[in-house]
Amino acid sequence: MEYSKRMNNLPTQFFAVLAGKTAAALAQGRDIINLGQGNPDQPTPPHIVKALQEAVADPATHKYSPFRGVKAIRQAAADFYMREYGVKIDPDLEVAILPGTKTGLVELPLALLDEGDAILLPDPGYPDYLSGAPLAGVSVELMKLEEKNAYLPDYEALSPAVVEQAKLMYLNYPNNPTGATADEAFFEETVRFAKENDIAVVHDFAYGAFGFDGVKPPSFLQTEGAKEVGIEMYTFSKTYNMAGWRVGFAVGNAKIIEALNLIQDHLFAGQFTALQLAAAEALTAGQQCVTDLAALYERRRNVLVREANRIGWQVTAPKGSFFAWLPVPEGFTSITFADHLMENADISVAAGSGFGETGEGFVRVGLLVDEDRIVEAITRIEKLNLF
Ligand SMILES: Cc1ncc(COP(=O)(O)O)c(C=O)c1O
């Protein structure tokens with residue numbers, strides 16, 4: 001049987017390949033330090049688990065759920081945005097509940113673009129941004145994120161033809177994979193650029209909870225006019241260690257939100273009510289668990305930067321997210337360096353080129369192991385005498 005052209009055009013799942021390599025090494029009984037993936041290592045906070053347990057025991061949650069989410073989670077998302085960012089959100093018109101934000105990111109090209117249109121994506125960027133375009137039959141145009149521009153795209157560098165074709169753009173700060181953050185000035189420039197060129201903006205705020213050195217990452221929607229051009233995606237996966245629960249939401253521009261809700265009316269029949277109620281609890285309960293988690297990642301970041309610098313590996317401290325973006329030593333590509341670490345130091349890291357061509361020359365390290373494992377990883381690398 002032949003698969004459809006759409007399926008054949010799907011990119012290779014970068015993380016699936018990486019996870020396979022790591023799993024094979026672990027299966028050989030090797031003591032692999034896994035710095036390659038973005039799967040939070042801490043458990044979901046107990047009060048959220050308890051909320052799910054209570055909700056699941058109530059038969060009222062066992063029926064079909066409303067297609068567009070129960071009111072409690074839509075209201076909780078609106079209240080969260082007011083409390084955390086001072087942004088007013090209409091819970092009925094400006095919230096879409098998603099089975100993980102990855103799903104929303106794949107749905108949007110299908111919902112908003114036609115053949116001949118293009119989506120602007122960051123390079124390097126979260127690999128799953130590439131999944132929606134071939135399904136929708138639209139082209140991808142890349143915006144380079146370079147160190148010299150603090151890993152922000154340079155809109156001026158895009159050709160007029162590309163800007164003309166582009167109808168949708170994804171941004172992500174704090175950034176996966178570089179750990180860079182964006183400021184208000186950049187978001188203001190983005191709103192201007194989007195308005196001038198009629199481009200819908202999706203800001204993926206997956207790592208919004210993790211800003212370091214006392215700086216809280218701004219929401220895109222705090223910028224004047226942002227809601228006229230775009231939406232923000234917010235996942236529970238990272239903020240509340242709920243990656244396996246598959247729940248997130250989008251907020252912002254009512255027309256884009258309606259497009260997401262409409263496509264989901266056709267793809268899904270709502271999400272489990274009990275899960276939505278527990279997710280609402282995550283947003284509305286005290287946020288000490290989030291403060292503690294951000295502090296944990298900042299401590300791990302500090303240990304990584306200190307240890308790397310100790311062995312002569314010049315690294316820039318990430319300003320947010322739970323990733324560090326480290327330069328590859330002379331004589332290696334990002335892939336040969338990642339392979340070298342796996343073969344000779346039992347360390348898994350993600351090769352930068354897996355996030356796009358501009359990621360060449362770097363590897364991404366996840367801060368998702370204990371501090372002593374980070375120290376151990378750098379000690380193993382020190383023995384390779386590369387720096
Ligand atoms: C930048 C970014 N966006 C979105 C996601 C997907 O999150 P979710 O679990 O909500 O699908 C991830 C997960 O790693 C991510 O790194």
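In what follows, every heavy atom counts, from backbone to side chain, and hydrogens, waters and symmetry copies are set aside. Bear in mind the structure is a predicted one, so any value in this text is a computation, not a measurement. We count ligands from 1, going down the list as the structure has it; atoms in each ligand are counted the same way.
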Any N or O of [X] closer than 3.5 Å to N or O of ligand 1:
{"X": "K102", "answer": "yes"}
{"X": "Y129", "answer": "no"}
{"X": "N172", "answer": "no"}

What residue and atom, counting heavy atoms only, is the protein's closest point to [atom], and at what distance?
{"atom": "atom 12 (C) of ligand 1", "answer": "Y126 CZ, 3.4 Å"}
{"atom": "atom 13 (C) of ligand 1", "answer": "K238 NZ, 3.0 Å"}
{"atom": "atom 7 (O) of ligand 1", "answer": "T101 OG1, 3.2 Å"}
{"atom": "atom 10 (O) of ligand 1", "answer": "T235 OG1, 2.6 Å"}

*Ring centres under 6.0 angstrom apart (H203, F187)*: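 Ring-ring flag for H203/F187: true, centres closer than 6.0 Å.
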*Under a 4.5 Å cut-off applied to non-hydrogen side-chain atoms, are R364 and F323 in contact?*
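They are in contact (side-chain heavy atoms under 4.5 Å apart), so the answer is yes.
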*Do R246 and S237 have side-chain heavy atoms sitting under 4.5 Å apart?*
yes
*Answer yes or no: is there a donor N or O on one side and an acceptor on the other, between the side chain of R301 and the main chain of P318, under 3.5 Å?*
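Looks like yes, one N/O pair under 3.5 Å.
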Once you restrict to heavy atoms under 4.0 Å, what part of [X] touches ligand 1? Side chain, backbone, both or neither.
{"X": "M233", "result": "neither"}
{"X": "Y207", "result": "side chain"}
{"X": "D204", "result": "side chain"}

*asked:* For residues 282-310, which residue pairs pass the ring pair (Phe, Tyr, Trp, His ring centres under 6.0 Å) check, not counting sequence neighbours?
replied: F210-Y297, Y297-F322
*What atoms of ligand 1 come closer than 4.0 angstrom to any heavy atom of R246?*
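In order of numbering, the contacting atoms are 8 (P), 9 (O), 11 (O).
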*Numbered atoms of ligand 1 (with element) below 4.0 Å of G100, judged on heavy atoms*: 10 (O), 11 (O)
*Which residue from A206, P127, S237, S321 reaches closest to atom 9 (O) of ligand 1 through any of its heavy atoms?*
S237
*Drop me the distance from Q271's CD to Q264's CD, to the nearest 0.5 angstrom.*
7.5 Å
*May I ask whether F362 and L326 are part of the same hydrophobic cluster, defined by side-chain heavy atoms of I, L, V, M, F, W, Y residues being less than 4.5 angstrom apart, directly or through others?*
no
*Please determine which of Y173, Y129, Y126 meets the side-chain hydrogen bond (donor to acceptor under 3.5 Å, both in side chains) test together with D204.*
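Of Y173, Y129, Y126, side-chain hydrogen bond (donor to acceptor under 3.5 Å, both in side chains) with D204 is met by Y129 alone.
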*Got a sec, which residues hit side-chain hydrogen bond (donor to acceptor under 3.5 Å, both in side chains) with D339, two or more places apart in sequence or on another chain?*
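Counting only residues at least two positions away or on another chain, D339 forms a side-chain hydrogen bond (donor to acceptor under 3.5 Å, both in side chains) with K21.
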